[in-house]
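Chain A is the first sequence line, chain B the second, and so forth, proteins listed ahead of strands; every chain is numbered from 1.
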There are 2 protein chains.
Amino acid sequence: MTRKAQELDRCDCQVIHEDIVNQVLPQMPPEETLYDLAELFKVFGDSTRVKILWALDKEEMCVCDIAYLLNMTQSAISHQLRVLKQAKLVKNRREGKIVYYSLDDEHVRQIFEMGLCHIMEE
Amino acid sequence: MTRKAQELDRCDCQVIHEDIVNQVLPQMPPEETLYDLAELFKVFGDSTRVKILWALDKEEMCVCDIAYLLNMTQSAISHQLRVLKQAKLVKNRREGKIVYYSLDDEHVRQIFEMGLCHIMEE
DNA sequence: TGATCATATGAGCAATCTTTCATATTTAAG
DNA sequence: CTTAAATATGAAAGATTGCTCATATGATCA
């Protein structure tokens, strides 16, 4: 992908700060890495999913347990569990009719804690 | 807020797992905390904002520097900086016409690193 | 004061997301 | 084999989001 326009947003101050920008530019991680990072955080960016992750951090649970716990429909929870599974944040195992979900990543709690640190600082 | 329906999603397996759910329920943080946590991660959940935060982690920069660096319009960057500022992730200082932005939270890098840990595990 | 640069902001559009509703799938039990 | 329980999924509605475009604000300089 090429830069759309060389002069677009090339304002005077950019020329002044050219060396700063040129120093940072090569340090930027690949586009894809930053995109994937954003995609991951997007998964954390919904309160339903946050609640599910929080609950699963305490206990392995089946779909309807979570639905009851969060007072939401089974369908809504099922959809969100799918998102969480695609993001490899939860895994599941089937036991007869029941599908048990649990966390698939030990970083979840740490990510939560980092987030809480920020929220608490007021 | 009251539970919408006592019997909604109160399936058989919930009765079986009643003790598990009842053990987790009182441990759940307040609704508002989990909501705020999700709101914070939502801010991280956009690749433009991730790129901005990454850049600002390297260097303090003005709006048009960032716009040039990310090859985006000044307006788009300005809108996103507003979001980042409201989330208290960046701060700014004015120097004449130019407004310099920088990180306002030392956890940003840690949150990124946690996220990267998850992404890299394949 | 007028012109210009840097930034901010409001309206609007297209895209995305979350939930609901209806229905399909999978498994066990009768 | 039929029925029911637990879960999954597709379509669609309603809400939210990110960007663009036009314009406003704030600051410097002639």
Side-chain angles (χ1 to χ4, degrees), chain A residues 4-5 7-17 21 35 38-39 41-52 60-87 90-102, chain B residues 4-5 7-17 21 35 38-39 41-52 60-87 90-102:
Chain A
K4 198 163 53 184
E7 47 279 298
L8 178 67
D9 298 308
R10 187 84 185 242
C11 51
D12 292 356
C13 89
Q14 204 287 311
V15 176
I16 298 167
H17 302 146
V21 173
Y35 179 81
E39 286 301 301
F41 287 125
K42 200 175 286 178
V43 177
F44 283 91
D46 173 77
S47 61
T48 298
R49 288 191 293 265
V50 164
K51 288 176 197 168
I52 293 174
E60 179 189 61
M61 288 172 118
C62 75
V63 180
C64 70
D65 286 341
I66 302 169
Y68 177 73
L69 187 67
L70 306 190
N71 194 34
M72 292 181 67
T73 66
Q74 171 270 321
S75 180
I77 300 299
S78 198
H79 277 295
Q80 298 296 12
L81 283 169
R82 190 159 171 272
V83 175
L84 291 169
K85 200 185 172 190
Q86 281 174 339
V90 306
K91 59 177 185 282
N92 58 8
R93 67 182 177 86
R94 182 176 271 276
E95 200 171 285
K97 289 177 295 190
I98 301 175
V99 178
Y100 290 95
Y101 280 84
S102 56
Chain B
K4 197 163 51 182
E7 46 279 297
L8 179 68
D9 296 310
R10 187 83 185 244
C11 52
D12 293 357
C13 87
Q14 203 288 310
V15 176
I16 299 166
H17 303 146
V21 174
Y35 178 82
E39 287 301 302
F41 287 125
K42 200 174 286 179
V43 176
F44 283 91
D46 174 77
S47 61
T48 299
R49 288 191 294 265
V50 164
K51 288 176 196 167
I52 293 174
E60 179 189 59
M61 288 171 118
C62 75
V63 180
C64 70
D65 286 342
I66 302 170
Y68 177 72
L69 188 66
L70 306 190
N71 194 35
M72 293 180 65
T73 66
Q74 171 270 322
S75 179
I77 300 299
S78 199
H79 277 295
Q80 297 297 11
L81 284 169
R82 192 161 171 270
V83 174
L84 290 169
K85 200 185 173 191
Q86 280 174 340
V90 305
K91 59 177 185 282
N92 57 8
R93 68 182 176 87
R94 182 177 272 276
E95 200 170 285
K97 289 178 293 188
I98 302 175
V99 178
Y100 290 95
Y101 281 83
S102 57

Could you tell me the separation between the [atom1] atom of [X] and the [atom2] atom of [N], rounded to a whole number of Å?
X        : N       : atom1 : atom2 : value
Ile66(B) : dA6(C)  : CD1   : C1'   : 13 Å
Ile16(A) : dA6(C)  : CD1   : P     : 7 Å
Ile52(A) : dT18(C) : CD1   : P     : 11 Å
Asp65(B) : dA6(C)  : CG    : P     : 10 Å
Ile77(B) : dT20(D) : CD1   : C1'   : 13 Å
Arg82(A) : dA11(D) : CZ    : C1'   : 13 Å

For this session: For residues Glu60(A) and Arg93(A), determine if any side-chain heavy atom of one lies less than 4.5 Å from a side-chain heavy atom of the other.
Result: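 Of all side-chain heavy-atom pairs linking Arg93(A) with Glu60(A), at least one is under 4.5 Å.
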Exercise. Can you check whether His79(B) reaches Ser75(B) side chain to side chain, under 4.5 Å on heavy atoms?
Worked result: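 A side-chain contact under 4.5 Å exists here.
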For this session: Taking all heavy atoms of Val50(B) and all of Ala38(A), pick out the closest pair and write down the distance.
Result: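 Nearest pair, atom of Val50(B) first, then Ala38(A): CG2-CB, 3.8 Å.
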For this session: Starting from the first five and the last five pairs of the helix from dT1(C)-dA30(D) to dG30(C)-dC1(D), work out the angle between the resulting helix axes, to 10 degrees.
Result: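 For the helix from dT1(C)-dA30(D) to dG30(C)-dC1(D), the axes at opposite ends meet at about 10°.
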Exercise. According to the 5.5 Å centroid and 30° plane-angle thresholds, does His79(A) stack upon the nucleobase of dT9(D)?
Worked result: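 It does: the ring sits over the base of dT9(D).
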Distances for protein N or O near nucleotides 12-18 of chain D N or O, under 3.5 Å:
unit_1: dG18(D); atom_1: OP1; unit_2: Arg49(B); atom_2: NH1; d: 3.3
unit_1: dG18(D); atom_1: OP1; unit_2: Arg49(B); atom_2: NH2; d: 2.8
unit_1: dG18(D); atom_1: OP2; unit_2: Arg49(B); atom_2: NH1; d: 3.1

Seminar exercise, completed: Once base and sugar-phosphate atoms are separated, protein heavy atoms under 4.0 Å mark nucleotides 22-30 of chain D, 5' to 3', with B, S and - as B----SS--
Problem set entry | Residue list, ring-ring contact (aromatic ring centres under 6.0 Å, His included) with Tyr101(A), at least two apart or on another chain |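 Result, ring-ring contact (aromatic ring centres under 6.0 Å, His included) vs Tyr101(A): none returned.
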Exercise. Who passes ring-ring contact (aromatic ring centres under 6.0 Å, His included) against Phe41(B), sequence neighbours left out?
Worked result: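 With sequence neighbours excluded, Phe41(B) shows a ring-ring contact (aromatic ring centres under 6.0 Å, His included) to Phe44(A), given in chain and number order.
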For this session: Kindly write out the residues that satisfy side chain to side chain contact (heavy atoms under 4.5 Å, CB included) with Lys91(A), not counting sequence neighbours, or none if the list is empty.
Result: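 So Lys91(A) forms a side chain to side chain contact (heavy atoms under 4.5 Å, CB included) with Ser102(A), Asp104(A).
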Problem set entry | Under the side chain to side chain contact (heavy atoms under 4.5 Å, CB included) test, residues paired with Val43(B) that sit two or more places apart |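 Expected list: Arg49(B), Val83(B), Leu84(B), Ala87(B), Leu89(B).
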For this session: Would you tell me if any nitrogen or oxygen in the side chain of Thr73(A) comes within less than 4.0 Å of OP1 or OP2 on dT20(C)?
Result: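 For dT20(C), OP1 or OP2 has a side-chain N or O of Thr73(A) closer than 4.0 Å.
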For this session: Indicate whether OP1 or OP2 belonging to dA6(D) is found under 4.0 Å from a side-chain N or O atom of Tyr101(A).
Result: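 For dA6(D), OP1/OP2 do not have a side-chain N/O of Tyr101(A) under 4.0 Å.
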Exercise. Got a sec, which residues hit side chain to side chain donor-acceptor pair (under 3.5 Å) with Lys85(B), two or more places apart in sequence or on another chain?
Worked result: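 Lys85(B) satisfies side chain to side chain donor-acceptor pair (under 3.5 Å) with Asn92(B) only.
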